[in-house]
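To find a chain, count down the sequence lines: A is the first, B the second, and so on, and within it residues start at 1.
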Amino acid sequence: MSEVRVRFAPSPTGNVHIGNIRAAIFNYLFARNMGGKFLLRVEDTDKERSTQEAVDALLECMEWLGLDYDETPLYQSTQEQHHLDIAKSLQDKGHAYRFVKGENEVTLFRMPWDLENYSCIRKIDQQELALHADVALEVDAGGVRFATISRKGKAVPMEACHAGYKDLKVFDADGKEIFDLNSNYESIINDEQNVNITDGSKITWTRHSVFFNDIIKGELSKPLDSMKDLVIVKSNGSPLFHLANICDDITQNMSHIIRGDDHVENTYRHVLIYAALGEKTPQYAHLPMIVNKQGKPYSKRDGDAFVGDFRTKGYTAECLFNYLLLLGWSPGDEEKCSREDAIKLFQLEKVKSTAAQMDMDKLFNLNGQYLDELNDEEFLSLVSPFVKEYSWYNGDEKLLKTVSSLMKSRTKLVTQSETWEYYFQLVEPSDEKLIKKILGKEGMKEALLGCAETLATIDFNNSSELEQALKTSAENAGLNPGKLNQPVRFCVTSANGGADLMDTLALIGKEESIKRLKHNAEKFCLA
RNA sequence: GUCCCUAUCGUCCAGAGGCCUAGGACUCCGGGUUUUCAUCCCGGCAACAGGGGUUCGAAUCCCCUUAGGGAUGCCA
């Protein structure tokens with residue numbers, strides 16, 4: 001078997017989208033699993049919309065996710081002349097033609113008329129259709145047009161390439177044959193005659209379909225009479241996606257094309273172009289789409305679907321990689337799958353062929369698991385850049401180190417570190433409801449101030465002594481032991497949850513804890 | 001309108017005609033551990049879109065309907 005070569009071929013016309021990057025991930029895994037090559041091709045043919053910023057963002061995303069590619073990236077715009085040469089050769093061989101419509105002239109790929117020479121085309125059956133009397137049947141160099149009759153008697157316009165209507169015969173109301181396409185084909189495509197039939201009543205033809213085998217979706221087919229000739233060179237003279245994409249895949253010697261579902265329709269056409277060029281088609285695998293919570297495909301307008309956003313929101317690359325990987329593919333019952341295992345186990349045939357919905361809650365939760373599994377140093381180096389941006393951060397790296405290991409298991413998103421402020425300075429509580437709930441009881445002020453007195457006499461670094469002191473203070477105030485813990489925490493940290501209370505108090509320090517306790521008790525407890 | 005594709009718990013994934021009383025994970029709910037919170041442990045709710053076939057037997061194969069997505073000549 002020849003070498004596996006796959007590519008990720010995004011167009012740099014904006015931020016990298018979650019669906020795009022998943023295609024990259026699957027290409028990457030497939031290549032690494034097969035011991036093949038994973039290439040990057042930047043499809044920047046659309047000069048109006050392609051930007052350098054988008055290219056930079058793209059490269060950054062790939063690096064972040066660890067999608068290392070082989071060989072030098074190919075920029076499609078550098079291949080333009082080659083694409084045009086190919087278009088010319090297709091034209092010379094009769095597979096393409098120039099076509100004028102209004103002021104515009106384009107080059108179109110002509111669907112093959114010699115159907116029997118194409119292994120990807122199969123004969124289906126004989127078809128018959130009634131023509132609508134008000135609409136003429138037209139045949140010119142561009143194809144066949146007519147209208148059939150809907151159930152309600154309305155005209156239903158149909159338009160397709162010549163090849164779709166191979167063996168076309170037109171009959172009048174008396175059943176007499178008044179036109180056949182096969183014997184007029186040459187003069188029609190040479191523009192020597194245009195056909196316009198107004199008295200046709202019925203047509204018959206032989207239906208043929210284009211077939212290709214998709215590794216994920218299985219055998220796919222589409223009738224030729226639902227396809228039109230395809231623009232390959234725009235009226236401004238530049239090659240269109242269809243041509244450029246195929247030419248570059250041939251140039252880069254791709255063995256498999258793994259791309260989004262939305263390309264299936266293109267592929268029916270692409271296999272014909274490969275055949276016309278005398279090239280072997282690569283193996284195709286079409287990935288299902290990723291949809292949002294509303295079940296709609298992510299569009300460029302869905303702001304939160306950009307890869308870069310996940311990074312700034314505090315998700316780890318490993319988590320996003322894992323999540324995206326398991327959206328549409330699974331190695332079994334495991335919820336988590338490391339990059340190494342994924343490379344080892346990846347099978348294109350096992351990719352689901354149905355759309356998958358992105359669940360942000362699940363991603364959030366998974367990220368928490370990933371953070372929890374990091375060791376303290378790894379976690380610290382991940383949060384540090386975020387913490388250093390906060391206005392309250394005073395540069396105390398030693399404190400940050402302790403805080404981060406204390407909070408690691410409680411953090412699901414790196415950006416949650418923003419709430420660690422209380423370790424660094426006094427934060428006054430602001431949630432009225434919580435203040436009332438926790439500090440609103442009668443006698444709370446006295447109890448807390450009394451507690452501050454007791455705490456002043458003990459060693460904060462001895463956690464059992466600290467615990468005992470809190471118990472005693474509660475009893476002194478006539479409360480059950482432990483009942484003062486929550487109010488003390490709230491006064492010192494302004495939070496109603498967090499790391500172990502003794503650890504927290506020890507870390508904040510005796511002097512500072514007592515100061516805050518007094519300050520907030522005075523200020524927020526009822527008189 | 002026409003053509004293509006798809007349909008299993010709220011979500012992701014398992015299921016290749018009998019291992020299915022449909023399994024796992026996340027969420028959610030209940031309980032335990034933690035004198036808070038999180039972690040952890042135990043338990044619970046919850047699905048084969050509908051209708052016809054084929055078969056001794058269907059989530060699985062076929063047909064129809066419905067629903068969703070995509071395409072429908074110069075985006076990629």
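Minimum atom distance to the side chain of A/Ser226 is reached by B/rC3, of the listed B/rG73, B/rA76, B/rC3. Out of B/rG73, B/rA76, B/rC12, the shortest distance to the side chain of A/Glu159 is found at B/rG73. The side chain of A/Leu220 has B/rC5 as its nearest neighbour among B/rC74, B/rC5, B/rG73. Picking from B/rC74, B/rA76, B/rC5 the nucleotide with the shortest atom distance to the side chain of A/Gln76 gives B/rA76. The side chain of A/Leu240 has B/rA76 as its nearest neighbour among B/rU6, B/rC13, B/rA76. Listed candidates were B/rC75, B/rU36, B/rA7. Nearest to the side chain of A/Asp46 is B/rC75. For A/Arg489, whose side chain is taken as the heavy atoms from C-beta onward, the closest listed nucleotide among B/rU35, B/rC75, B/rU36 is B/rU36. Listed candidates were B/rA76, B/rA7, B/rG73. Nearest to the side chain of A/Tyr97 is B/rG73. Of the listed nucleotides (B/rC74, B/rU11, B/rC13), B/rC74 has the atom at the smallest distance from the side chain of A/Lys234.
Here A/His242 pairs with A/His270 under the ring-ring contact (aromatic ring centres under 6.0 Å, His included) rule; sequence neighbours left out. Qualifying ring-ring contact (aromatic ring centres under 6.0 Å, His included) partners for A/Phe321, counting only residues two or more places apart in sequence or in other chains: none.
Annotation: B/rA71 and B/rA47 have their P atoms spaced 35 Å apart (nearest Å). Taking atom C1' in both B/rU60 and B/rC20, the straight-line distance is 11 Å, to the nearest Å. B/rG15 sits 39 Å from B/rC75 when the C1' atoms are compared, rounded to a whole Å. With C1' as the reference atom, B/rC28 and B/rG10 are 9 Å apart, rounded to whole Å. Across B/rG17 and B/rA59, the matching P atoms stand 13 Å from one another, rounded to whole Å. B/rU39 sits 8 Å from B/rU27 when the P atoms are compared, rounded to a whole Å. With P as the reference atom, B/rC61 and B/rG69 are 24 Å apart, rounded to whole Å. Across the P atoms, B/rC42 and B/rG24 are found 13 Å apart, a figure rounded to whole Å.
Comparing A/Arg207 and A/Lys471 along RNA chain B, the residue whose closest nucleotide (by nearest heavy atom) sits nearer the 5' end is A/Arg207.
When all heavy atoms of A/Val264 and A/His286 are compared, the pair lying nearest together is CG2-CG, 3.6 Å.
Residue A/Thr411 places none of its side-chain N or O atoms closer than 4.0 Å to OP1 or OP2 of B/rA38. Side-chain N/O atoms of A/Asn365 include one lying less than 4.0 angstrom from OP1 or OP2 on B/rU27. Between A/Lys352 and B/rC13, a side-chain N or O to OP1/OP2 separation shorter than 4.0 Å is present.
Nucleotide B/rA67: paired with B/rU6 (Watson-Crick or G-U wobble, both distances less than 3.5 Å). In this structure B/rA25 sits in a base pair with B/rU11, meeting the Watson-Crick or G-U test at under 3.5 Å.
Using modelled atom types, one side-chain atom of A/Thr415 and one backbone atom of A/Lys313 make a donor-acceptor pair closer than 3.5 Å. Remark: the backbone N or O of A/Leu374 is paired with a side-chain donor or acceptor of A/Lys408 at under 3.5 angstrom. Within the 3.5 Å criterion, the main-chain N or O of A/Tyr422 finds a donor-acceptor partner in the side chain of A/Arg516.
To the nearest 0.5 angstrom, A/Thr411 atom OG1 is 5.0 Å from A/Trp420 atom CH2.
Between A/Asn20 atom CG and B/rC75 atom C1' there is a gap of 13 Å when expressed in whole angstrom units. Straight-line distance from the CG atom of A/Asp359 to the P atom of B/rC9: 14 Å, rounded to whole Å. Atom-to-atom, CD1 of A/Ile216 to C1' of B/rU6 comes out at 14 Å; the value is rounded to the nearest Å.
With ring centers used as reference points, A/Phe346 lies under 6.0 Å from A/Phe26.
Looking at A/Lys362, its side chain comes within 3.5 Å of the base of B/rC12 through a donor and an acceptor atom.
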Identify all pairs in which a protein N or O lies below 3.5 Å from an N or O of nucleotides 68-72 of chain B, and state each distance.
residue	atom	partner	partner atom	Å
B/rG69	OP1	A/Lys296	NZ	2.3
B/rG70	N2	A/Glu265	OE2	2.8

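Within the cation-pi definition used here (under 6.0 Å to the ring centroid, within 45° of the axis), A/Lys166 qualifies as a partner of A/Trp113.
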